[in-house]
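First listed ligand is number 1; within each ligand, the first listed atom is number 1.
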Amino acid sequence: MDGSANRTRVVIVGGGTAGWMTAAALVKLLPTRCSVRLVESEAIGIVGVGEATLPHIRAFNERLGIPEAEFMATTRATFKLGIEFVNWGRIGDSYIHPFGTFGRGTGEPDFHQYWLRLRQAGLTVPELEDYSLACTMARLNRFQLPSADPADIASTFGYAYQFDATLFAPYLRRFAETLGALRTEGRVVGVDRDGESGDVTAIRMENGELIEGDLFVDCSGFVSLLLGKALGEPFQDWSKWLPADRATAMPCRTETALTPYTGVIAMEAGWRWRIPLQHRTGNGYVYSSDFLSHEKAAEALISAVEGEPIAEPRVLRFKAGRRERSWVGNCVAVGLASGFLEPLESTSIYLIQAAITALVELFPDGAVSPVLRDEFNRLIDLEYDRIRDFLILHYHATERTDSEFWNYTRTMSIPDSLAEKMELFRRRGRVVKYREGVFLDASWIAVYLGQRVIPQGHDLRADAPPAEALLRAMDALRGEIRTRVEAMPDHVGHIARYCPMAA
Ligand SMILES: Cc1cc2nc3c(=O)[nH]c(=O)nc-3n(C[C@H](O)[C@H](O)[C@H](O)COP(=O)(O)OP(=O)(O)OC[C@H]3O[C@@H](n4cnc5c(N)ncnc54)[C@H](O)[C@@H]3O)c2cc1C
């Protein structure tokens with residue numbers, strides 16, 4: 001008996017990255033507990049951007065059994081060791097937010113505390129970046145897979161991918177359909193609800209078909225067809241802290257180095273991304289329409305890109321914030337239907353993954369349990385709130401005074417939760433610790449220091465070793481990192497051997 005009579009009938013509305021990631025995970029991980037039907041409209045299409053990811057995506061692919069080299073070749077992916085931020089603290093500044101530790105990442109206190117101690121004593125010490133394997137690899141354009149030996153310095157980094165967003169969902173679609181997900185083409189024009197509970201009972205298609213289900217996953221993108229429109233879940237607007245509300249995107253040929261990192265360059269009224277893929281470079285200018293017109297943004301993007309454009313600039317509109325609850329009744333929103341935080345730290349696909357992980361772990365066994373649903377909402381709230389604070393930090397911790405946009409973000413009031421975190425770092429170089437959530441210490445340290453939030457003090461345990469011995473040990477570490485990285489293959493060479501795209 002396969003138990004199909006007891007399976008939860010899941011209806012997913014939307015076939016973008018969120019829809020097909022959800023479908024793939026459900027058919028793979030809960031094959032005996034649910035049936036999956038996904039509805040999408042080719043005429044409406046998908047948002048089609050979303051090219052930079054976080055290392056967590058590797059765990060998602062591994063859980064699904066997706067072979068890395070095949071996945072990278074199909075989506076024309078490159079490796080990503082972090083993000084280079086240019087012109088954020090001051091014009092001319094550059095720092096890397098690495099996917100990896102500073103120092104070896106072991107031992108107490110954290111490595112940067114020793115570095116702070118020496119700097120605060122007035123000693124000349126190289127930049128913190130020089131003690132990070134991931135930063136050094138990125139700067140020297142090298143790549144190899146991490147070592148599995150935790151004692152090896154080459155184990156101190158992680159990596160993510162930069163891929164073609166328009167190829168990812170089709171790849172997952174093939175995967176999910178092979179495992180039994182059903183796809184229906186067409187436009188959803190109505191949502192039926194139970195008169196008493198308010199639960200969604202069915203969606204109505206343009207051709208008159210009624211699709212019934214037990215659990216509805218809203219992956220309809222910004223329109224938020226079920227959670228926002230049909231159920232009316234309120235939207236928390238965060239644009240006073242994250243004022244960017246437009247992006248103009250334009251790919252170009254790759255005519256410069258294929259870097260193993262995403263470039264994020266601060267501009268007059270926002271920032272520009274540069275994401276090198278195997279076959280082209282993705283570019284876009286994320287800006288606030290209160291401070292810049294579309295024409296000016298497109299002009300600035302066209303004159304900044306480093307290769308020949310291969311499409312006209314395309315505008316995308318959005319608003320920072322999220323639905324108050326992502327799971328209401330028997331409807332769960334995943335992806336843009338649940339909220340949007342701008343792509344500065346490549347967090348959207350991560351948020352999709354976090355929602356899917358929580359949904360799989362808390363999947364209803366029969367009727368939806370309010371306790372499990374509330375836990376889902378708690379986990380998603382935490383993710384959104386922490387990412388929100390991290391993003392605001394980038395805008396607020398700046399010394400730029402050269403445009404109205406930067407004057408606004410530098411002087412705006414910030415959430416108390418972020419003000420407290422910044423104060424703690426200024427006092428002692430300490431990062432607020434979490435048990436759950438995406439960005440760990442090294443991420444916060446990189447952005448704080450990279451944007452000139454300089455601590456006055458340090459962890460007093462860092463005073464224990466004699467300064468001479470400490471300097472020698474740090475020099476040795478820096479040398480070891482440099483030697484290891486210089487012996488690694490370059491990024492392009494590694495891709496050519498490991499995961500070249502089909503010609
Ligand atoms: C400018 C920009 C840059 C970004 N960069 C990144 C990045 O670098 N990294 C990252 O992680 N994320 C990024 N994102 C976010 C990322 O693009 C999205 O999180 C991701 O693509 C998921 O989108 P989605 O599946 O939720 O929505 P969509 O791609 O919009 O898909 C919605 C689906 O719903 C369907 N649909 C809608 N209405 C109906 C209807 N009435 N009937 C039937 N079907 C319907 C559509 O056809 C489509 O299939 C970026 C977003 C923007 C705007």
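Taking every heavy atom of G335 and a limit of under 4.0 angstrom, the matching atoms of ligand 1 come to 26 (O). For ligand 1, the atoms sitting less than 4.0 Å from at least one non-hydrogen atom of E51 are 7 (C), 8 (O), numbered in the order shown with element in parentheses. Interface atoms of ligand 1 facing A247, defined by a heavy-atom separation under 4.0 Å, are 1 (C). Taking every non-hydrogen atom of A52 and a distance limit under 4.0 Å, the qualifying atoms of ligand 1 come out as 7 (C), 8 (O), 9 (N), 10 (C), 11 (O). Shown in contact with G186 at under 4.0 Å from a heavy atom are these atoms of ligand 1, numbered in order with element: 42 (N), 43 (C). Remark: ligand 1 atoms within the under-4.0 Å shell around heavy atoms of V188 are 40 (C), 41 (N), 42 (N), 43 (C).
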What's the verdict on salt bridge (Lys or Arg N to Asp or Glu O under 4.0 Å) for R183 and E177, showing C-alpha distance, side-chain angles and the deciding distance?
CA-CA 8 Å; R183 173 185 181 275; E177 285 185 325; 5.2 Å; no
One pair to check against ring-ring contact (aromatic ring centres under 6.0 Å, His included): Y159 and F143. What are the steps and the verdict?
CA-CA 10 Å; Y159 66 92; F143 191 82; 5.4 Å; yes
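Considering backbone and side-chain atoms alike, L336 places an N or O below 3.5 Å from some N or O of ligand 1. Where the criterion is an N or O separation shorter than 3.5 Å, residue side chain and backbone included, A18 meets it with respect to ligand 1. By the 3.5 Å distance cut-off applied to N or O atoms, V49 is counted among the residues near ligand 1. The distance criterion of under 3.5 Å between nitrogen or oxygen atoms is not met by V39 with respect to ligand 1. For ligand 1, none of its N or O atoms has an N or O atom of I46 under 3.5 Å away.
The closest side-chain donor-acceptor pair between Q162 and Y261, if any, does not fall under 3.5 angstrom. In summary, the side chains of S220 and K229 do not present any donor paired with an acceptor at a separation below 3.5 Å, with no hydrogens or angles considered. Using modelled atom types and a 3.5 Å distance limit, the side chains of Q451 and Y395 yield no donor-acceptor pair.
Relative to atom 33 (C) of ligand 1, the option among S41, G19, C219, S346 with the closest non-hydrogen atom is C219. For the residues V47, I349, I352, the heavy atom positioned nearest atom 21 (O) of ligand 1 is part of V47. Between G190, G45, G339, S220, it is S220 that holds the heavy atom closest to atom 37 (C) of ligand 1. Among S224, A160, G221, the residue whose heavy atom sits closest to atom 27 (O) of ligand 1 is G221.
At the shortest separation from atom 13 (C) of ligand 1 among protein heavy atoms lies G50 CA, 3.3 Å. Nearest non-hydrogen protein atom to atom 49 (O) of ligand 1 is G15 N, 2.8 Å. Scanning the protein for heavy atoms near atom 3 (C) of ligand 1, the closest one is P343 CG, 3.4 Å.
With T201 contributing its side chain and D192 its backbone, the two residues share a donor-acceptor pair below 3.5 Å.
A ring-centre distance under 6.0 Å is found for F71 and Y161.
A cation-pi arrangement is absent between R386 and F439, since the terminal nitrogen or guanidinium carbon is not both under 6.0 Å from the aromatic centre and inside a 45° cone about the axis.
In this view, R400 and D402 satisfy the salt bridge (charged side-chain N to carboxylate O under 4.0 Å, His left out) rule, not counting sequence neighbours.
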Let me have the donor-acceptor pairs involving side chains of residues 10-31, under 3.5 Å, with sequence neighbours excluded, atom names and distances please.
unit_1 : atom_1 : unit_2 : atom_2 : d
W20    : NE1    : G15    : O      : 3.4
W20    : NE1    : E40    : OE2    : 3.3
T22    : OG1    : A18    : O      : 2.7

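By the 30° and 60° cut-offs, the orientation of the rings of F99 relative to H97 is perpendicular.
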